[in-house]
Structure formats: structure tokens, C-alpha cells
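One-based numbering, in listed order, for ligands and for the atoms of each.
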Amino acid sequence: MSTKEKVVVTGFQPSGRLHIGNYLGMFKQAAAMQKEKGLKRYYFIADYHSLTQKYDPKQKSREIMEMAIDALALGIDPKKSTLFIQSHVPHHTNLAWIFNTLTPVGELERMVSYKEKVSQGQIANAGLLTYPILMAADILIYDADFVPVGEDQIQHLELTRAIARKFNQRFGKTFKEPQALLTKTPRVMSLNDPSNKMSKSIPSGCLFIFDSEAETTKKIMAAQTDSHKTIGFDPKNRPAVSNLVLIFAAFRGVSEKEIVKEFKNVGYKEFKAALAKEINSSLKPLRTRKKELMKEKSKITKLLEQNAKKMDRVASKKIEAVKSKVGLI
Ligand code: ADP
Ligand code: TRP
């Protein structure tokens with residue numbers, strides 16, 4: 001921990017298409033951190049995590065490559081951040097093993113995301129249960145100070161901090177306790193059910209970033225509203241419309257108040273049409289960039305290989321220190 005530079009770490013699973021919840025809740029923040037000086041940024045594709053849920057092995061490598069492309073299209077700049085693949089740096093799983101031996105099973109069974117996934121019918125394999133331990137290892141192995149994530153990951157981050165504390169108490173100060181970095185929209189809600197977060201598991205209420213403009217407009221026009229006649233911002237009593245106002249404000253980079261003021265005299269149809277236009281124009285450069293990046297796969301593969309070597313060097317220093325603390329030789 002000699003370096004004065006602060007470290008930012010985040011990961012994202014290569015399991016499906018990215019949506020505006022991922023963008024507004026996490027990627028925007030991860031990209032914004034690139035403007036700040038004195039930071040090291042380590043961003044990775046959590047491919048090991050993605051094996052905990054149902055998947056098709058024939059599609060996996062394509063999904064991993066596509067996630068790398070998507071991350072770059074969303075503004076992760078390889079000159080400012082190190083983008084890599086989790087499974088290319090085996091020290092993550094080495095450290096996770098040691099953390100496994102420190103974590104009570106009961107704490108894992110309390111994780112909301114685990115319980116949700118099991119209640120949705122996913123098989124409760126041991127990986128799904130111990131997933132937050134691997135996440136703790138992903139973060140702590142780099143002495144992360146900040147972790148950009150959406151609200152649903154906060155509980156996992158609390159567990160990460162608890163693991164760091166426990167290790168430090170038992171073996172002496174080794175790990176930092178990282179802080180979550182939330183955006184102003186840490187929980188974008190589903191377009192057709194404002195009591196659930198927007199998630200790829202409910203595609204109809206989910207606005208995918210790389211959908212076409214027509215699909216985006218169609219989904220926004222079909223989004224749930226309420227029986228009021230005017231636009232308002234009141235998340236408790238008017239969750240559906242407030243969610244749309246939040247999304248609008250986030251894309252335009254203004255406050256919710258300003259959106260309500262601008263649209264206070266128009267009906268929902270007009271408001272939604274303006275929102276769809278705003279989203280499509282904000283996403284246009286990202287969509288174009290993705291098309292360009294799709295032609296640069298070999299360059300991206302090289303980048304990921306180089307970065308794996310770099311991150312292996314960083315992670316191996318930490319794992320050596322950890323092994324020596326726990327008495328391994
Ligand atoms: P999903 O929940 O759709 O499966 P992921 O688990 O891959 O998405 O999430 C990747 C990142 O995006 C995480 O940091 C997560 O917290 C964030 N995120 C996911 N859904 C939302 C949402 N609806 N609002 C804000 N952030 C979100
Ligand atoms: N659990 C995160 C998700 O589902 C992905 C993830 C894995 C992650 N390791 C991480 C996020 C480390 C932040 C830091 O979205």
C-alpha cells in the first residue's frame with residue numbers, strides 16, 4: 001500500500017445485453033472516473049462470475065468479446081483504464097479460496113441477490129452462493145479504494161469490507177476497506193413495473209443500449225405511467241413517471257426539477273416522445289462506436305492479453321503477501 005494513487009475497481013458480467021440501468025448506474029461513473037487525476041483504474045469482465053448462472057458454453061467466448069467491445073463503446077478508454085478478463089488473472093480465485101475459509105455460510109445465505117436468483121428458479125450451485133467471496137477477492141486483491149456499482153451490489157460490498165476487516169484482525173493489516181461509488185441513478189426501475197429494478201431478466205421493461213432507435217422509441221412509448229395528467233417527480237407515490245423523469249434528467253445531465261418544469265404543460269405522449277429522442281441522441285455515438293469496434297476484434301484481443309500480464313504482476317504481489325500472512329510457503 002505504498003502508492004499514493006487511489007485505485008478504482010469494478011467488474012461486469014458477460015451475460016447478455018447491457019441496458020440503461022447498467023449505463024446510468026455504473027458505466028457512466030466508471031468512465032467519468034477517467035477524468036480524474038491520481039487514480040489507477042482496473043475494469044474487468046467477470047467471466048468466472050457469469051458461470052454461476054445458466055449459460056451456453058458455445059456462446060461464452062463471443063459474449064466475453066462482445067462485453068469488451070461494449071465496455072469500450074460505453075467510454076472505457078484503454079489509455080486511461082486497464083480493461084481485462086477476470087479468468088486471465090488466476091490470483092482472483094486463489095485469494096477467493098482463502099476468503100472462503102473466513103466466511104460463514106450463513107452470511108452468504110443472507111445475500112438478497114442470491115435469494116432472488118434462487119427464487120427465480122436458478123440452481124443454487126455452490127458458485128452462486130460463494131459469488132460475493134470471489135467479488136471480494138476481485139476488489140481486495142488490488143487494494144481498491146473505490147468501486148463504482150449500482151445499488152444492488154451494495155450488500156456484496158459490505159461483505160467485502162467485512163472480509164477485509166476479519167482478515168486484518170486475524171492476520172494483521174493487509175487489506176483496505178473499499179468504498180462503493182453510486183451515481184444519482186443507482187437503481188433504474190423497470191419500464192413496465194416500477195417496483196422492480198430494470199434488469200435483462202425482464203426484457204420487456206428493459207431498455208437495451210444497443211437496441212435500434214425504433215425499438216427504443218417503442219419501449220419508451222409503451223412505458224407505464226399513471227392516472228395523473230401532468231408530469232411530476234414523487235418516487236414514493238408516482239414511481240413509474242418519476243422513473244422516467246429520473247432517466248430523462250440523467251441523460252440530459254440536469255436535475256429532475258428542471259425536467260418537471262420543462263414538461264409540466266404537456267401530456268405523457270409528448271413527454272415520452274421527447275424522452276425517446278433524448279435517449280436516442282445520447283446513445284447514438286455509443287451505438288456508432290460499437291459498430292466500429294466490432295471490426296477491431298484482433299486489436300482488442302491483443303489489448304486483453306497484454307492487460308492480463310500486467311494485472312497478473314499486480315495481483316501476484318498481493319497474493320504473495322497474503323500467503324505469507326496466513327502461513328503458506
Ligand atoms: P443485471 O442486473 O441486468 O443482470 P448486472 O448484474 O450485470 O446487470 O450489473 C452490472 C452493473 O450494473 C452492476 O454494477 C449493477 O449494480 C448495475 N446495475 C444493474 N442494474 C441496474 C439498474 N437497474 N440500475 C442501476 N444500476 C444497475
Ligand atoms: N457482482 C457484479 C454484478 O453482478 C459483478 C462483479 C464481479 C463486480 N466482481 C466485481 C463488481 C467486483 C464490482 C467489483 O454486476
Protein heavy atom at shortest distance from atom 3 (O) of ligand 1 | His19 NE2, 2.7 Å
Before signing off on this row, confirm whether Thr185 and ligand 1 have an N or O atom pair separated by under 3.5 Å.
->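 In fact, backbone or side chain, Thr185 has no N or O that close.
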In terms of side-chain geometry, is the basic nitrogen of Lys60 or Asp47 positioned less than 4.0 Å from the acidic oxygen of its partner?
-> no
Parallel, tilted or perpendicular: ring planes of Phe263 versus Phe248, cut at 30 and 60 degrees =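 Correct class here is tilted.
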Parallel, tilted or perpendicular: which fits the ring planes of Phe12 and Phe27, with parallel below 30° and perpendicular above 60°?
-> tilted
Atoms in ligand 1 with a heavy atom of [X] nearer than 4.0 Å:
X: Gly25; value: 25 (C), 26 (N)
X: Ser199; value: 3 (O)
X: Val149; value: 14 (O)

Is there any N or O on Gln153 that sits under 3.5 Å from an N or O of ligand 2?
-> yes
When only distance counts, is Asp138 in polar contact with ligand 2, meaning an N/O pair under 3.5 Å?
-> yes
Option among Arg289, Lys290, Arg17 that satisfies the side chain to side chain donor-acceptor pair (under 3.5 Å) test with Asp70 | Lys290
Please verify whether a non-hydrogen atom of Met189 lies at under 4.0 Å from ligand 1.
->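 Heavy atoms of Met189 never come under 4.0 Å of ligand 1.
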Would you tell me whether His92 and Tyr142 have side-chain atoms, one donor and one acceptor, within less than 3.5 Å of each other?
-> yes
